[in-house]
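A, B, ... follow the sequence lines: proteins, then strands. Residue 1 opens every chain.
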Amino acid sequence: MEDKRIVELFFARDESALGETEKKYGGLCRYIASNILALREDVEECVNDVLLALWNAIPPDCPIDLRAYIARAVRNNAHARSRDANAWKRGGRVQIVGDEFLSLLEDGTDLASEFEARRAGGIISNFLEKISKSDKKIFVMRYWMGLSIEQIMSQTGYGESRIKMSLHRTRKKLAAELEKEGITV
Amino acid sequence: MRTNIKPENRRLLEALDYLDDAVISSVLAEVKIPAEGSPERDKKATRRSIKYALALAACLVLMSAVIPVVSFLSERFGAGSSKTYELTYPMFVAGLEPLSEEEMMKINEVYEDWKYGRLYESYVSSPIGGSANADQYARNELGDDPHRFFNKEKYNRYQYYGKFGDCVVLATENYFYTLSTFTVAGYVFELGGTADLIVYRNGEMMTLNEAYDSGLMTDAQVAAAHERYLAYMEYLDSPVEQEAEIAIPDYTPPEPTGEPIYLEFMPALEPLTREQMNEIRKAFAEYKFKDRYASLYRQYTALNELDNIEARAYENAKTYADKMIDKLFSGSYYYSRYYGTFGDCVIVACVDYTLRSTEYRLTDTSIVFPQGAEMYVYRDGEITEFGEFYQKGLISEYDALLLSTRHLIYETRARSSYQEDSYLKPIKDVEPLTSEQISDIRSAYGNYVYTSVLNEYTDYFIAQYGEEEGRRMVLIKAGDALIAAGKSLFGDDLNASRYYGIIDNYVVFGIPASMSFPEDPLSSSVPVYVYSFDYKMVFKYSPNMLSEDGNKKLEQRQFEYQEYLLSAPLESIMERYFGKVLYDDEHPLVFTHQTDRCMLICVKSGYEELKKYEIVGYKFVFPYGVNLYVGYNGETYSLYSAHQIGYITEDDMAEIYEAYLDYYEKENR
């Protein structure tokens, strides 16, 4: 089912939206979560909670890119779980309020560093769009999805040396780019 | 997250929380989800497997105590090829640092990997490439033999410049009509074809430039490698056996007899006069004479039995060259192609259909003749073979790209086949077109679109990307648009183009605004175009082009066409609008409605309970669950989305609601 149809189902409060989302993106969600969380039970719980969080977030949220929206939610959720399971479970469920759903920030977040991180994120996105597709893919798989070198080899078919050289070159170029923008990493 | 990421990358990871959706989505789209139970998914199973493998390996090592460990390791971890060959490096270059056999084997293995990655990437990012065939392309280019270096039989295909610290410096060579030039630390290396100038270090491969830029090699080391490169050049260029120069006799080509034809379907070709074309034909005949004479002379000399070698060679070469006089500009693009004038050079090709594919590799792309051909350049009264010309850098990269675009147009036209007459079905007694006419009209329409794209987008792309890149991109866009435009005309898809017949000696046709140029996806109109037989060009229609009767005829035929589209079986109508049929026994149709450009269908969803919907102020009530779909241009949307985008207007909504009320009345009688 097309993404826009799935979003329509959410808007129509049609519960088949969850089934369709699970069918289309369940595998991807589990894959992302399993690279962050060690236990299968945690992975399943993470994915289920994200699906429920979607139901509460859409509407009013109307994601343009559903895949990225869900993947980001799963990643953030899994990270939060791995950081501190107790801090995450406020009354048993995550409170969803617009953009805050995606950041899952803990109390007392340093807004200055959050701003810097957002800015850096934008610069990195622009940078990634300028490099080759394969280098971008390897970089995102390694640092955003958290895949190991072996997993990236399996995904891309590239050899280990090629992947490592790509990461090395990309990090070097990225560091130069961020430094140019006045951001240190 | 498994944190084998170094701490200095931690802040980078925080910034990654804010990556753009587009970046994430583009990568996730290509992620392969491993199956349940596969080693990647089952982490515990993977850990167990590794433990068992290590245990087994340990046992094998113990068991092989009677076998030399070195031979076991070389067998277990060797290059993997059963072919044996002598590992060596050329001894004609003095002072080369020796390498162990294991090092030489490892270099070949690592190079294979590295080269595959680069070939794959170059294919994916090339204008005519893509990820679908990239693997095949890379494997074909690599070939079957993985032993490229230190193979005595291939000493002229690679160069070894020595070991500097832990950096092994190498180069590969081939001879495809081009030179690759590398400048490292001010030293210039020129190698034949698509060469690599590389450094192997500790299991990794990189270019010499990368090694130098990252400080792994010093100026002095690069200088020493360059000295050895020069030694290679001296050795390879040294005469072994020079062939005696052959004296070519004079030859006067005949006057061309066939009328040279200037092919008009190619957009923006620089025109040539009749005299110029005949001059080029004569130069071509002379070129062929010299080439054939020299070849025959050598053959006859080698036979050592013939008398009057010069006379025989001359007669045969003259007969052959005289026949070549009419080959160029013959009017048949199957055999002779004119690619235009670039500066003071005219580029032509002869397609010979030997079925041995010919490829000219340029920097950014290739020109491929799947059927076999030769390309030539005419300049200052002389003909030169194109590969040699390109190798000398006598054509700019922009011109080379323009050349390759024109080649693609030629190839597409040569391969386009006559379409079935489905385009004739909608209107009774409409005048049929011959296949030749269809080809001409498609080409003319393609030209029209090509020129329109250039006119419309050139300034924009230059403003966005700069002069060079902007021109390159607009050229690619125009080429793609031309090919797509030609293909869609008079095809099977009656929604993609409409044929209204021959009216007042014009071929009149329509292209929906969503597909014509400039595209207007929200328009329901079908702009009309005319093709002039006299000018062999396409123009946008205006009423003053046709007589009063002609305009009436056009109007009548537009109406007939529309009626035909509306009267077709529901399944075929649905295919046109939605790209598929959306109802079946489990999801039966409730009602349908067609607007000017879209189709709405209402199908049961399978939930048997009262359903109420409110969409942009209109209230729908159904005794069972339904889905309301809108089809537009082969895509499916919800009614809500279609309205949001603008495919369904307020007037359309009013019509749809009327259709719903009709259904409601019938259901509740």
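Here the CZ-OG distance, from B/Arg118 to A/Ser132, works out to 10.5 Å after rounding to the nearest 0.5 Å. Atom OG1 of A/Thr156 sits about 8.5 Å away from atom OH of B/Tyr120, to the nearest 0.5 Å.
Contacts of B/Met206 with chain A are made by side-chain atoms alone, with heavy-atom separations under 4.5 Å and no backbone atom involved. For A/Leu128, the part sitting under 4.5 Å from any heavy atom of chain B is the side chain, from C-beta outward, and nothing else. Contacts of B/Ser26 with chain A are made by side-chain atoms alone, with heavy-atom separations under 4.5 Å and no backbone atom involved.
Comment: B/Asp21 engages A/Arg72 in a salt bridge, judged by a side-chain N to carboxylate O separation of less than 4.0 angstrom.
B/Ser641 approaches A/Glu8 most closely through the heavy-atom pair OG-OE2, 3.1 Å. For the pair B/Ser25 and A/Arg67, the tightest heavy-atom approach, listed with the atom from each and the gap, is OG-NE, 3.3 Å. In terms of heavy atoms, B/Glu121 sits closest to A/Ser134 at OE1-OG, 3.2 Å.
More than 12 non-hydrogen atoms from other residues, nucleotides or ligands lie less than 6.0 angstrom from CZ of A/Phe10. Counting heavy atoms of neighbouring residues, nucleotides and ligands inside a 6.0 Å radius, atom CD of A/Glu15 does not exceed 12 of them.
Contact of the B/Leu28 side chain with the A/Ile32 side chain is registered, since non-hydrogen atoms from C-beta on lie closer than 4.5 Å.
By number of non-hydrogen pairs under 4.5 angstrom with chain A, the leading residue of B/Ser638, B/Gly625, B/Gly203, B/Ser605 is B/Ser638. Of the listed residues (A/Arg169, A/Lys164, A/Met141), the greatest number of heavy-atom pairs within a distance under 4.5 Å of chain B belongs to A/Arg169. The residue among A/Ile163, A/Asn126, A/Val140, A/Val7 with the most heavy atom pairs within less than 4.5 Å of chain B is A/Val140.
Defined by atom type and a distance below 3.5 Å, a donor-acceptor pair is missing between the side-chain atoms of B/Thr636 and A/Glu2.
Considering B/Leu19, B/Leu16, B/Ile24 in turn, B/Leu19 is the only one that fulfils the side-chain contact (heavy atoms from CB on, under 4.5 Å) rule with A/Ser125. Of the listed residues (A/Lys133, A/Lys137, A/Lys136), just one forms a salt bridge (Lys or Arg N to Asp or Glu O under 4.0 Å) with B/Glu30, and that residue is A/Lys137.
Formation of a donor-acceptor pair under 3.5 Å by the A/Gln155 side chain with backbone atoms of B/Lys32 is found in this model.
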